[in-house]
A.B. asks: 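Here it is, the structure, as structure tokens.
Keep in mind the model is a prediction, meaning the values are calculated, not measured.
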Amino acid sequence: MRKIYTSMICIMLVAPISSTVYAEETQATEDQIENVEEVIEVDSDSEEWLEDTIEVEQPQEEVVLEGYENLGSMIFKSSAVSSKIAANEKGEYFIYYIMHGSPAALVVVNYETKKILHTFTLEDSKSAWGLDVDENGKLWVGGSVSSTLYSYDPNTEDFEKHGAIFSNKSDTSIQDLIVSGKKVYAGSAYGGSLVAFDTETEEIEEFGQIRKRKEFVKAIVADEEKDEIYVSIGSPMDLLVKKPNTKNFTSFLPSKYMSEKYAQDLVLTEDYIVARLHPSNIAVVFDRKTLKIVDEFELNSKTVSAISPNEEALYYTKSQQLIKYDFETKEHTELGVYLPKGTEAINLDFILKESPIVEEENGEEVIIEDGDDSKGEETPADPSLEGLIVPKGNNKIVKDVQNVETPPVLVEPIDEDLTIEEPKEFVLSGMVDNLGQIFEYNPQTGEMTYHQFELPEQPVELYTLASSSDGTKIFANGYMSGGLGVYDVQTGNKELYRNISQIESMFDINNKLYIGAYPLARLLVYDREQEWTTGNPKEVIRMNQYGQERTTAVAPYNKGKEIIFGTLPDTSVGGGALAFYDTETEEMEIYENYIYNQSIVSLVSRGTQVFGGTSIHANQQVNPRGARLFYFNRSTPEDKKYIHLPFSASMITSLIVDKDNKVWGMADGKLFVYTDEWTDIKTVELLPLISGRFRNAQIIENVDGYIYGSVEGKLFKVTKDTLEVEWLKDKGVYGLEKDLNGNLYFYDGSNLWRYTIEQNRAIKQTEQ
């Protein structure tokens with residue numbers, strides 16, 4: 001189907017400080033994109049689709065090889081991806097933040113003073129979503145990308161790295177963990193496994209992959225006393241339980257929910273289990289004994305709270321409003337308090353207020369009443385928080401009572417202990433955005449307040465590279481956190497533009513950078529001759545309206561008079577879209593479902609011809625037919641032709657046209673060269689196995705006449721005539737670009753690297 005559109009949207013693609021994006025889970029909404037001021041972050045789908053394309057282990061090299069230079073980190077960002085609030089043995093509360101980065105970090109904040117106490121580096125991890133505390137208040141953290149377990153003891157202030165807890169190499173990321181008794185239960189991606197880690201002996205019990213062809217154990221709850229374990233796996237979703245004295249997990253998922261990807265969180269009470277489904281905004285309440293549905297309701301928060309300290313109720317947020325749900329009556333009470341615009345709760349934790357507090361003074365017990373009668377507000381301990389209203393505690397006024405003569409009352413002695421536990425005073429708190437902002441709701445007073453922190457920036461894992469058409473600039477984008485770093489080849493200076501989200505593909509021509517941004521498969525144009533500001537980059541179109549999730553390929557046509565885009569679908573019934581953007585008229589020409597049930601992941605033009613390559617991964621499914629290499633004449637895109645490769649592949653990830661007008665490509669671990677339909681295709685196998693779903697390799701032709709490429713983190717050089725392969729570096733090479741002198745640029749983690757080729761420099765100078 002062909003459709004013509006004229007660009008109507010010209011806004012800056014940046015996200016507001018108040019916009020909530022769960023770097024793990026929640027898809028950014030269109031409203032959030034409309035009101036952009038800071039960076040739009042990405043969700044769990046990026047984890048599902050992207051993290052397995054990144055090297056699992058990235059050990060630091062002790063010796064830098066000759067010719068290789070580490071240019072350092074390009075992008076820094078303060079981005080909290082998960083949080084938890086919990087107490088130590090003394091009842092002192094702490095906020096634990098996981099900061100996304102390469103590596104990630106754990107930040108410990110004193111809840112009372114709002115002061116940062118510690119920042120610990122999470123070696124071998126770029127993010128962490130599984131957070132829980134044991135009965136002693138010890139925090140346990142499940143990391144990625146090597147399934148590493150960490151712990152922090154707030155009682156001793158000791159931080160410890162326990163190492164990888166999954167034996168299967170496919171299990172690279174801990175998706176969730178829960179502590180029950182003396183065990184930490186952890187679930188993984190991409191092997192879909194479950195383990196139990198004994199916190200005292202550090203022995204590991206492996207349950208293995210829960211179900212075949214299920215890559216994720218996304219959420220876990222456990223009750224060690226009753227010997228019950230509940231897990232959510234996907235995708236698509238299933239809910240399973242392991243009952244006492246059984247070895248296997250049994251499904252209890254009703255058929256009506258089988259189209260969901262997974263339950264992103266599970267909450268267990270004495271009588272119920274609550275599953276928060278994804279991608280639908282539904283919480284399902286199951287009876288724990290019968291495993292039958294007793295209720296369901298809509299919500300927007302990432303999770304629901306645990307059961308309230310005082311009642312059979314839990315809390316959640318919907319449309320930014322805090323709501324209480326009563327298990328007994330099934331009633332939802334709107335509390336009339338709201339989170340900042342564009343946000344929802346990411347976590348929900350209770351802080352118990354101990355009142356009165358008993359202290360020792362000169363050997364005697366003194367009761368300290370909660371609160372201060374002289375003031376209605378407390379002064380924030382942190383000067384940076386001035387102006388924030390902190391809710392007043394329940395002040396108690398003690399009055400003298402005169403002795404009044406009253407007739408004696410005879411009371412029959414009662415043997416039973418009728419001690420009634422008084423209601424506990426508590427505050428509900430949680431994180432609402434990736435900047436770490438938290439709210440505090442006091443149900444006793446009905447007050448809602450907020451606290452913002454200056455959390456430390458972390459170096460961001462790089463994700464996409466591009467070079468300017470003149471070779472003087474190298475552009476680098478950050479994984480999940482976004483940002484655009486610009487490296488000046490001639491001066492060595494770096495610039496950082498923070499206000500842009502994750503980029504799937506980009507190409508520079510005629511001083512304009514054409515960008516395929518995530519989420520919503522947005523097409524952007526950055527005019528490099530103009531200031532980076534509101535409206536520049538300019539949004540052209542959002543391809544999510546056609547069921548597309550990522551813009552995975554971009555290439556110029558006719559010297560940049562048109563830009564061609566290819567996409568990866570998410571929820572459409574077909575394949576990726578092919579789109580042409582006229583840079584003069586700003587019209588879009590779109591061909592939907594161009595290759596049925598496959599994604600378009602590489603594009604290049606040769607004269608009037610356009611060549612493209614696909615990936616078999618689309619719509620969260622795998623197409624049983626191999627990846628396709630196709631071409632068409634620009635005047636008739638509908639009339640595409642397929643080029644038969646002499647091998648089968650899952651994805652064709654990089655295409656270039658060399659100086660001799662030959663088409664080169666990477667298909668899985670094989671390099672091929674295509675001349676025309678009358679000439680045999682030449683191939684050479686570089687690697688027998690590859691990873692990823694749409695990006696694992698990049699090739700370029702350099703000024704010295706060789707083809708250079710990176711595949712699975714390895715750098716190689718190929719002689720064009722003989723296809724003789726020379727391996728230059730065996731690890732740590734991702735993405736590949738060249739500068740005006742023919743030097744190569746790639747990234748390893750958060751660092752940009754350069755490989756200087758003196759021979760190329762001399763050739764370039766001769767040409768000039």
Side-chain angles (χ1 to χ4, degrees), residues 7 12-13 71 74-75 462-478 482-518 522-533 535-541 551-566 579-584 586 601-606 610 654-658 695 698-703 708 710 734-747 752 754 764:
S7 174
M12 177 70 171
L13 292 180
L71 303 175
M74 293 290 293
I75 299 173
L462 298 183
Y463 181 59
T464 306
L465 294 185
S467 63
S468 61
S469 54
D470 61 5
T472 62
K473 300 287 193 297
I474 301 296
F475 305 102
N477 174 251
L484 184 68
V486 183
Y487 178 79
D488 190 302
V489 170
Q490 296 168 312
T491 67
N493 293 335
K494 299 176 184 177
E495 292 180 278
L496 174 57
Y497 301 105
R498 298 179 183 275
N499 301 329
I500 191 166
S501 62
Q502 181 171 292
I503 294 173
E504 301 298 332
S505 56
M506 54 182 166
F507 194 95
D508 180 79
I509 190 169
N510 301 329
N511 271 330
K512 291 185 177 179
L513 187 64
Y514 295 91
I515 297 170
Y518 176 85
R522 293 160 292 138
L523 310 185
L524 320 179
V525 182
Y526 168 40
D527 186 343
R528 297 204 294 116
E529 294 181 341
Q530 304 297 322
E531 182 182 358
W532 179 287
T533 184
N536 186 34
K538 176 177 65 177
E539 181 174 301
V540 175
I541 195 171
T551 305
T552 44
V554 57
Y557 175 80
N558 192 15
K559 299 181 180 180
K561 291 183 178 179
E562 284 188 308
I563 305 298
I564 319 167
F565 294 94
F580 296 88
Y581 173 65
D582 190 306
T583 59
E584 295 180 355
E586 297 189 348
V601 296
S602 55
L603 289 166
V604 71
S605 62
R606 184 178 73 174
V610 176
S654 184
L655 291 173
I656 64 170
V657 174
D658 70 7
R695 54 189 300 164
Q698 183 74 33
I699 56 174
I700 61 173
E701 182 187 23
N702 216 335
V703 296
Y708 289 84
S710 63
Y734 297 91
L736 195 64
E737 292 295 337
K738 65 178 180 180
D739 65 15
L740 72 168
N741 297 314
N743 298 319
L744 304 181
Y745 293 77
F746 56 89
Y747 68 84
L752 181 68
R754 174 168 56 204
K764 188 66 178 179

A.B. asks: Is any side-chain heavy atom of M74 closer than 4.5 Å to one of Y747?
C.D. replies: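 A side-chain contact under 4.5 Å is absent here.
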A.B. asks: Nearest heavy-atom pair of L603 and A555: which atoms, and what distance?
C.D. replies: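 So the minimum-distance heavy-atom pair works out to O-CB, 3.5 Å.
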A.B. asks: Does the side chain of E504 reach to within under 4.5 Å of the side chain of T464, using non-hydrogen atoms?
C.D. replies: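 The answer is no; the side chains never approach within 4.5 Å.
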A.B. asks: Do any N or O atoms from the side chain of S467 and from the backbone of D739 form a donor-acceptor pair under 3.5 angstrom?
C.D. replies: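 Checking the backbone N and O of D739 against the side chain of S467, no donor-acceptor pair under 3.5 Å is found.
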A.B. asks: Please examine the side chains of I500 and I515, heavy atoms only from C-beta on, and report whether any two atoms are closer than 4.5 Å.
C.D. replies: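 I515 reaches I500 side chain to side chain.
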A.B. asks: Give a yes or no answer on whether the side chain of S501 reaches the backbone of Y518 with a donor-acceptor pair at less than 3.5 Å.
C.D. replies: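 Confirmed, S501 side chain pairs with Y518 backbone.
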A.B. asks: Identify the heavy atoms of N741 and V703 that sit nearest to each other, and give their distance.
C.D. replies: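 Here N741 and V703 meet closest at O-CG2, 4.5 Å.
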A.B. asks: Applying side chain to side chain contact (heavy atoms under 4.5 Å, CB included), name anything that partners D527, two or more places apart in sequence or on another chain.
C.D. replies: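 In terms of side chain to side chain contact (heavy atoms under 4.5 Å, CB included), with neighbours along the sequence ignored, D527 is linked to K512, E529, Q530, N536.
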A.B. asks: Do P537 and W532 make a side-chain contact, defined as non-hydrogen atoms from C-beta onward lying under 4.5 Å apart?
C.D. replies: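 Yes, their side chains come closer than 4.5 Å.
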A.B. asks: If I compare all heavy atoms of E701 with all of V657, which pair ends up nearest, and what's the gap?
C.D. replies: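 Closest approach of E701 to V657, heavy atoms only: OE1-O, 4.5 Å.
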A.B. asks: Check salt bridge (Lys or Arg N to Asp or Glu O under 4.0 Å) between R606 and all other residues, then give those that pass, not counting sequence neighbours.
C.D. replies: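 None.
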A.B. asks: For a quick test of reading the model, state the closest non-hydrogen atom pair linking Y734 to L465 and the distance between them.
C.D. replies: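 Closest heavy-atom pair between Y734 and L465: O-CD1, 4.3 Å.
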A.B. asks: Does E531 have any side chain to side chain donor-acceptor pair (under 3.5 Å) partners at least two apart in sequence or in another chain, and if so, which?
C.D. replies: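 Once residues adjacent in sequence are excluded, E531 has no partner under the side chain to side chain donor-acceptor pair (under 3.5 Å) criterion.
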A.B. asks: As an exercise, state the distance from NZ of K738 to OH of Y708, rounded to the nearest 0.5 Å.
C.D. replies: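 If we round to the nearest 0.5 Å, K738:NZ and Y708:OH are 10.5 Å apart.
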A.B. asks: Quick one: does K559's side chain have a donor or acceptor within less than 3.5 Å of a partner on N510's backbone?
C.D. replies: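 Here the side-chain-to-backbone pair does not exist.
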A.B. asks: The criterion is side chain to side chain donor-acceptor pair (under 3.5 Å); which residues satisfy it with D470, sequence neighbours excluded?
C.D. replies: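 S468, T472.
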A.B. asks: Taking the side chain as C-beta and beyond, is there a heavy-atom pair between L484 and F475 under 4.5 Å?
C.D. replies: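 When only atoms from C-beta onward are counted, F475 and L484 do touch, with a gap below 4.5 Å.
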A.B. asks: May I ask you to decide if G560's main-chain N or O and T583's side chain share a donor-acceptor pair within less than 3.5 Å?
C.D. replies: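 Checking the backbone N and O of G560 against the side chain of T583, a donor-acceptor pair under 3.5 Å is found.
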A.B. asks: Kindly write out the residues that satisfy side chain to side chain donor-acceptor pair (under 3.5 Å) with Q698, not counting sequence neighbours, or none if the list is empty.
C.D. replies: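 So Q698 forms no side chain to side chain donor-acceptor pair (under 3.5 Å) with any residue.
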A.B. asks: Only counting residues at least two apart or in another chain, list the ones meeting side chain to side chain contact (heavy atoms under 4.5 Å, CB included) with S602.
C.D. replies: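 Result, side chain to side chain contact (heavy atoms under 4.5 Å, CB included) vs S602: I652, L655.
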A.B. asks: Who pairs with T552 by side chain to side chain contact (heavy atoms under 4.5 Å, CB included), at least two apart in sequence or on another chain?
C.D. replies: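 Listed in chain order: R550, L568, V601, F694.
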A.B. asks: When you measure from the side chain of N477 to the backbone of L462, do you find a donor-acceptor pair of N or O atoms at a distance under 3.5 Å?
C.D. replies: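 Answer holds: no.
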A.B. asks: Using a strict 4.0 Å threshold on nitrogen-to-oxygen distance, state whether D488 and K494 make a salt bridge.
C.D. replies: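 No.
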A.B. asks: Taking only residues two or more places apart in sequence, or in another chain, which ones meet F507 in a ring-ring contact (aromatic ring centres under 6.0 Å, His included)?
C.D. replies: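 For F507 there are no ring-ring contact (aromatic ring centres under 6.0 Å, His included) partners, ignoring immediate neighbours.
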A.B. asks: So, do V554 and L523 sit near enough that their side-chain heavy atoms are less than 4.5 Å apart?
C.D. replies: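 Side-chain contact under 4.5 Å: no.
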A.B. asks: Could you work out, with side chain to side chain contact (heavy atoms under 4.5 Å, CB included) as the rule, every residue matching E562, not counting sequence neighbours?
C.D. replies: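 For E562, the residues satisfying side chain to side chain contact (heavy atoms under 4.5 Å, CB included) (neighbours in sequence not counted) are Y557, F580, R634.
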A.B. asks: To the nearest 0.5 Å, what is the distance between CD1 on I503 and OH on Y526?
C.D. replies: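 The CD1 atom of I503 sits 11.0 Å away from the OH atom of Y526.
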A.B. asks: Please report the interatomic distance CG(N702) to CG(L744), rounded to the nearest 0.5 Å.
C.D. replies: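 Between atom CG of N702 and atom CG of L744 there are 5.5 Å.
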A.B. asks: Holding to side chain to side chain donor-acceptor pair (under 3.5 Å), I want the full list of residues that pass it with E495, two or more places apart in sequence or in another chain.
C.D. replies: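 Partners of E495 by the side chain to side chain donor-acceptor pair (under 3.5 Å) criterion, ordered by chain and then number, come out as Y497.
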A.B. asks: Would a 4.5 Å heavy-atom cut-off, applied to side chains only, mark Y581 and E586 as touching?
C.D. replies: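 In short, these two side chains touch, coming nearer than 4.5 Å.
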A.B. asks: Could you walk me through whether R528 and D508 pass the salt bridge (charged side-chain N to carboxylate O under 4.0 Å, His left out) check?
C.D. replies: CA-CA 9 Å; R528 297 204 294 116; D508 180 79; 2.9 Å; yes
